[in-house]
**Student:** 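Let me begin by handing over the structure; questions about it come next.
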Amino acid sequence: MQINSQQSLTLPEVPKRPGVINCASYAQGVRVANVVIADISEELKHEDRFVWVGLFEPDEKLLREIQEEFGLHDLAIEDAFSAHQRPKLEQYENCLFVVLRTAHLTGESQHVEFGETHVFVGPRFVVSVRHGSLQSHVGLRERCEASKHLLAKGPGFVLYALMDFVVDQYFPILEALEEKVVELEEVVLDEKFIHETTSRIYHLKRELLSIKRAVSPLVDICSRLMRFDLALLPEDTKPYYRDVYDHAMRINEMADTLREVLATALDANLSVISVSQNKDTKRLAAWAAIIAAPTAIAGIYGMNFQYMPELGWKYGYETVLVGMGAVCGGLWLWFKRSGWL
């Protein structure tokens, strides 16, 4: 069956349903029909087609309908509904269940916000369930449809495209975090003690750790998908997962490198704080010594003994004041030259 792109652009639309972003069937890499959920089983009767369903935070009723149409496992449906899953790959009798963590920067502070994408992959169907940002998969289906020769490979290529799209989202995030790390390094190296610096370092370390937890499992997932023990994936699609594997490894290495730099910056910042505290301690000790000298002299002449030779001097008062000033000045000059003041 030969279908051109002009035909795919004039397909009749189906009524939109809450939670369903898109539902279409494909043959030879071209969209041949927009499908409603209730008609999926009828569409699967065409052996040369596969169905790709995109859902966003569906309710339990919608997921149960999807389960009935594709014969999905109860445990996988429960995971897809509840979300809050770690990235993983599970194999059931008729499908693969893959959990991915999406990420994007939000707000003026560029905070990393995470979402989830759960993917069911069968011999002739793909179901993606998104939780979190509605914008996380914008443009993905269009790009896949533009590569008809690759989309013709079936659900295996769609899974690769989803994983590659999700993993590539981490590169601009890490670049933004790298700029923050460089900025923090400059602040630390300026030897200026700023109270917020330490909290900013810990905040960045937590975000990098979250990214590490989201991406690290993908290395194992891709390793398994590249093997030839998963009959649900055609062999000609498995080499594509090597590309996702390489990207996941690069992200892991970048995250590890930034964490090491932050650890070094934290140590340097703590050293700056320690040096600053030592300088303050020295300064206080120097002024205490300067103040102690006239205090000691005044204390001696304030003991009120009856026989103190200096008490009878005509110029004793002026002499003691001059002596106090000389001692204080000498101490100040000595501490100044030694770097304590």
**Student:** Which residue, L140, T102, T117, forms the side chain to side chain contact (heavy atoms under 4.5 Å, CB included) with F165?
**Tutor:**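 That would be L140.
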**Student:** Any non-hydrogen side-chain atom of F70 less than 4.5 Å from a side-chain atom of L44?
**Tutor:**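 The answer is yes, as the side chains (C-beta and beyond) meet within the 4.5 Å cut-off.
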**Student:** Flag the pair Y202 / L262 as yes when at least one side-chain heavy-atom distance between them is below 4.5 Å, and no otherwise.
**Tutor:**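 No - every pair of side-chain heavy atoms lies 4.5 Å or more apart.
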**Student:** Report the relative orientation of the aromatic rings in Y240 and F157; use parallel for angles under 30°, tilted for 30 to 60°, perpendicular for over 60°.
**Tutor:**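 Correct class here is perpendicular.
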**Student:** Answer yes or no: is there a side-chain heavy-atom contact under 4.5 Å between Y241 and R224?
**Tutor:**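 Of all side-chain heavy-atom pairs linking R224 with Y241, none is under 4.5 Å.
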**Student:** Flag yes if more than 12 heavy atoms outside E68 fall under 6.0 Å of its CD atom; otherwise flag no.
**Tutor:**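 Counting other residues, nucleotides and ligands, CD of E68 stays at 12 neighbours or fewer.
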**Student:** Could you tell me whether the side chain of E90 and the main chain of A76 form a donor-acceptor pair under 3.5 Å?
**Tutor:**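 Looks like no, no N/O pair under 3.5 Å.
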**Student:** Roughly how far, to the nearest 0.5 Å, is the OG atom of S216 from the CD1 atom of I221?
**Tutor:**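 Nearest 0.5 Å value for the CD1-OG distance: 11.0 Å.
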**Student:** In terms of relative ring orientation, are H73 and Y92 parallel, tilted or perpendicular, with 30° and 60° separating the classes?
**Tutor:**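 It falls in the parallel class, under 30°.
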**Student:** For F171 and H247: C-alpha separation, side-chain torsions, deciding distance, then whether ring pair (Phe, Tyr, Trp, His ring centres under 6.0 Å) applies.
**Tutor:** CA-CA 9 Å; F171 284 109; H247 288 185; 5.7 Å; yes
**Student:** Evaluate the side-chain proximity of R64 to Q67: yes if any heavy-atom separation is below 4.5 Å, no if none is.
**Tutor:**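 Yes. Closest side-chain heavy atoms under 4.5 Å.
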**Student:** Side chains of T237 and L159: does their closest heavy-atom pair fall under 4.5 Å?
**Tutor:**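 Not touching, per the 4.5 Å side-chain cut-off.
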**Student:** Atom CZ of R337 and atom CH2 of W332: how far apart are they, to the nearest 0.5 Å?
**Tutor:**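 Spacing of CZ (R337) from CH2 (W332) equals 10.0 Å.
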**Student:** Excluding sequence neighbours, so at least two apart, what forms side chain to side chain contact (heavy atoms under 4.5 Å, CB included) with L105?
**Tutor:**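 With neighbours one apart ignored, the set is Q110, V112, I173, A176.
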**Student:** Under 4.0 Å between a side-chain nitrogen and a carboxylate oxygen: does that hold for E42 and K45?
**Tutor:**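 Looking at K45 together with E42, the answer is yes, because their closest N to O distance falls below 4.0 Å.
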**Student:** Report yes if some heavy atom in the side chain of L151 is under 4.5 Å from a heavy atom in the side chain of F50; otherwise report no.
**Tutor:**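 Yes, at least one pair of side-chain atoms sits under 4.5 Å.
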**Student:** Can you classify the ring geometry of H118 versus H131 as parallel (below 30°), tilted (30 to 60°) or perpendicular (above 60°)?
**Tutor:**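 Because their plane-to-plane angle lies in the 30° to 60° range, the rings of H118 and H131 count as tilted.
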**Student:** Measure the shortest side-chain to side-chain distance between F120 and I66 over non-hydrogen atoms and say whether it is less than 4.5 angstrom.
**Tutor:**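 Not touching, per the 4.5 Å side-chain cut-off.
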**Student:** Taking V51's backbone N and O only, do any of them form a donor-acceptor pair with R124's side chain (distance below 3.5 Å, no angle check)?
**Tutor:**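 Not a single qualifying donor-acceptor pair exists.
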**Student:** For the residue pair F114 and S210, establish whether any side-chain heavy-atom pair is separated by less than 4.5 Å.
**Tutor:**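 Of all side-chain heavy-atom pairs linking S210 with F114, at least one is under 4.5 Å.
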